K.L.:
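Starting off with a structure, shown below.
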Amino acid sequence: MTPLIAACKIGRNVAAAIVGATVALGSVAWAQQSSKAAPETVASVVKNTWKAPAEGWQTRVDQDDTQRLCSETRNNPSKADYEKIRVRELATIVFPADGVVLGNWKDGEAVAQTGTGGQFSDKADGPRGGNCYACHQMSPKELSYGTLGPSLIEYGKIRKYAAADAKAAYVKIFNAQSVLPCSNMPRFGFHKFLSEQQLKDVTAFLFDPESPVNKP
Amino acid sequence: MRHLAEVTLHVWRTLGLVAMLTVCAVASNVAAQQAPDITEKEIERYRAMISDPFANPAYLNVDRGETLWAQARGTKNVSLQGCDLGEGAGRIDGVYAKLPRYFADTDRVMDIEQRLLWCMEMLQGVDTKDVIKRRFSGPGIVSDMEDLVAFIANKSNGMKFAVSVSHPKEQEMFAVGEAMFYRRSSIMDFSCATCHADDGKRIRLQGLPNLSKPGKNAQETMGTWPTYRVSQSQMRTMQHRLWDCYRQMRMPAPDYASDGITALTLYLTRQAEGGDILVPSIKR
């Protein structure tokens, strides 16, 4: 094991510990915050800032209950809300009809590399991707990766390519908040941002033994 | 004159591109062998290399803004020199350091764009429809607003941010800005905080300033807008940067000079309290 990968693994463990501690400390941190804006004042300013969104875009301005709870608590929901979000988001998962969660890893790599789609500057039928590299290290060959999320190097290999773990990864990509409520990761399947095939392809990029993710 | 300016711009862009490619090549070689903080250092070196005020095309915007400020326009045929940006009619030195702020005559907190538009309408009798249509410059589009903001912001150069949150409406606007900073929405569930609430994070290779707390990151960020964006070949203001953030967040475009942008700008400028203003700057 290279020092870099060892450091990544330690980093992941520390990150997990911090997430746990943050969840526990959430209510304390919240109580210390200064004067809050009244929700109706914020709502009115938001309404005035996006007066007339294009057809079909108003739902992007409005929050769903999960977004609202995570915003109000700065991603540290109470224990009860944490559980409420987890159960609600878990209920949104849709598996492929044939139960196969692994697609083509090469197409998955393209999805991970593509950062366009869904912006008001994008064409509706233009390329759309998960932009995974914006936040995660994946293939060790790709040096341009972000650090907002944990490194995913050897993701499948570490898990011995177990079918249950591949299924869990599919769930996480479909709706990360069903696993970690108020996670920063987009709910790619829930929002139908990625297609079912794209979700499968990205899962394969993580789990195929031939994928560069698993070839250090 | 115009021709010379364009040639200068062209040469400058070409040089910028070559410099960028060189640094990227160096950066990837270095990064291949060493830790990512070396890459960050190389990016810093590139930033230092392009940060030359004597070669900054944004000073063309400053000059155009100066002319616009003094030009009689509108149904009342007067200049903007009677406009009160917070320190008294016609005063521009240091006003940018204290904006957004509360204005008694409108009983509102306004940012620089809102105030300028208000002055154009009330003082000059300018129909701002066309001005707003040209809010962001582009190929063949000159923006009065960008030029005016560049000129006025430049008059706070070398000063430090000192926005007030003493008036109840300023306190309210700050709190709204803070709430909007943490407000998650749209099809990627992002808020400003998703990218800007932790130290030392990157998106791809781009370092992300932590803007959730007062200090160096917020000071360096806010103190370097307006800026000449090499990647866009245009001078841009914080108004445009926030519009661009919401684009990346998959939100609809926020209305120009709307209260949400003012609230966020007040929140961010407050985090930059005491920070040096060095504008217009140059960025990637």
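All values derive from a computational prediction rather than experimental measurement. The analysis underlying the following values was restricted to heavy atoms, covering all of them including side chains, and did not include hydrogens, waters or symmetry mates. Numbered from 1 within each chain, the chains take letters A, B, ... in sequence-line order.
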K.L.:
If you compare all heavy atoms of A/Trp57 against all heavy atoms of B/Arg250, which two are closest, and at what distance to 0.1 Å?
P.N.:
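Shortest heavy-atom separation between A/Trp57 and B/Arg250 comes out as CZ3-O, 4.0 Å.
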K.L.:
So which part of B/Ala253 gets closer than 4.5 Å to some heavy atom of chain A, the side chain, the backbone, both or neither?
P.N.:
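When you check distances to chain A, atoms from both the backbone and side chain of B/Ala253 fall under 4.5 Å.
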K.L.:
Spell out, as yes or no, whether a donor-acceptor pair under 3.5 Å connects the side chain of B/Glu172 to the backbone of A/Ala37.
P.N.:
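Here the side-chain-to-backbone pair does not exist.
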K.L.:
Scan side-chain atoms only and decide if A/Ser71 and B/Arg183 contain a donor-acceptor pair under the 3.5 Å cut-off.
P.N.:
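Note: A/Ser71 and B/Arg183 side chains miss the donor-acceptor criterion.
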K.L.:
Report yes or no: is the cationic atom of A/Arg60 (NZ for Lys, CZ for Arg) under 6.0 Å from the centre of the six-membered ring of B/Tyr246, at an angle within 45° of the ring normal?
P.N.:
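No, cation not above the ring by the 6.0 Å, 45° rule.
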K.L.:
Taking A/Trp50 for its side chain and B/Pro252 for its backbone only, find out whether a donor-acceptor pair lies under 3.5 Å.
P.N.:
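Confirmed, A/Trp50 side chain pairs with B/Pro252 backbone.
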K.L.:
Measuring heavy-atom distances to chain A, does B/Gln171 have an atom under 4.5 Å in its side chain, in its backbone, in both, or in neither?
P.N.:
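Neither part; nothing is under 4.5 Å.
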K.L.:
From B/Leu205 CG over to A/Leu143 CG, what is the distance, rounded to the nearest 0.5 angstrom?
P.N.:
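It is 8.0 Å, given to the nearest 0.5 Å.
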K.L.:
Checking heavy atoms, do the side chain of B/Ser191, its backbone, both or neither come under 4.5 Å from chain A?
P.N.:
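Neither the backbone nor the side chain of B/Ser191 comes within 4.5 Å of chain A.
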K.L.:
Identify which of A/Ser44, A/Ala54, A/Pro53, A/Gly117 forms the greatest number of heavy-atom pairs closer than 4.5 Å to chain B.
P.N.:
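Result: the option with the highest number of such pairs is A/Gly117.
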K.L.:
To the nearest 0.5 Å, how far apart are OG1 in A/Thr147 and CD1 in B/Ile203?
P.N.:
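Here the interatomic distance stands at 9.5 Å.
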K.L.:
With rounding to the nearest 0.5 angstrom, report the OG to NZ distance, B/Ser258 to A/Lys47.
P.N.:
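Going from OG on B/Ser258 over to NZ on A/Lys47, the span is 14.5 Å.
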K.L.:
Given 3.5 Å as the limit, does a donor-acceptor pair link the side chain of B/Arg202 with the main chain of A/Tyr145, or not?
P.N.:
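It does hold such a pair.
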K.L.:
Report the distance from atom CG of A/Leu194 to atom CD1 of B/Ile187, rounding to the nearest 0.5 Å.
P.N.:
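It comes to 10.0 Å.
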K.L.:
Is B/Phe190 close to chain A through its backbone or its side chain, or both, or neither, when contacts mean heavy atoms under 4.5 Å?
P.N.:
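Just its side chain gets close to chain A.
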K.L.:
For the side-chain contact (heavy atoms from CB on, under 4.5 Å) test, which of A/Asn48, A/Thr49, A/Val46 pairs with B/Pro254?
P.N.:
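Option passing the side-chain contact (heavy atoms from CB on, under 4.5 Å) with B/Pro254: A/Thr49.
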K.L.:
In Å and rounded to the nearest 0.5 Å, what is the SG to CZ distance from A/Cys135 to B/Arg204?
P.N.:
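Rounded to the nearest 0.5 Å, the SG-CZ separation comes out at 10.0 Å.
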K.L.:
Strictly below 4.0 Å, N to O, side chains only: are A/Glu72 and B/Arg184 in salt-bridge contact?
P.N.:
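Salt bridge between A/Glu72 and B/Arg184, a charged N being under 4.0 Å from a carboxylate O: no.
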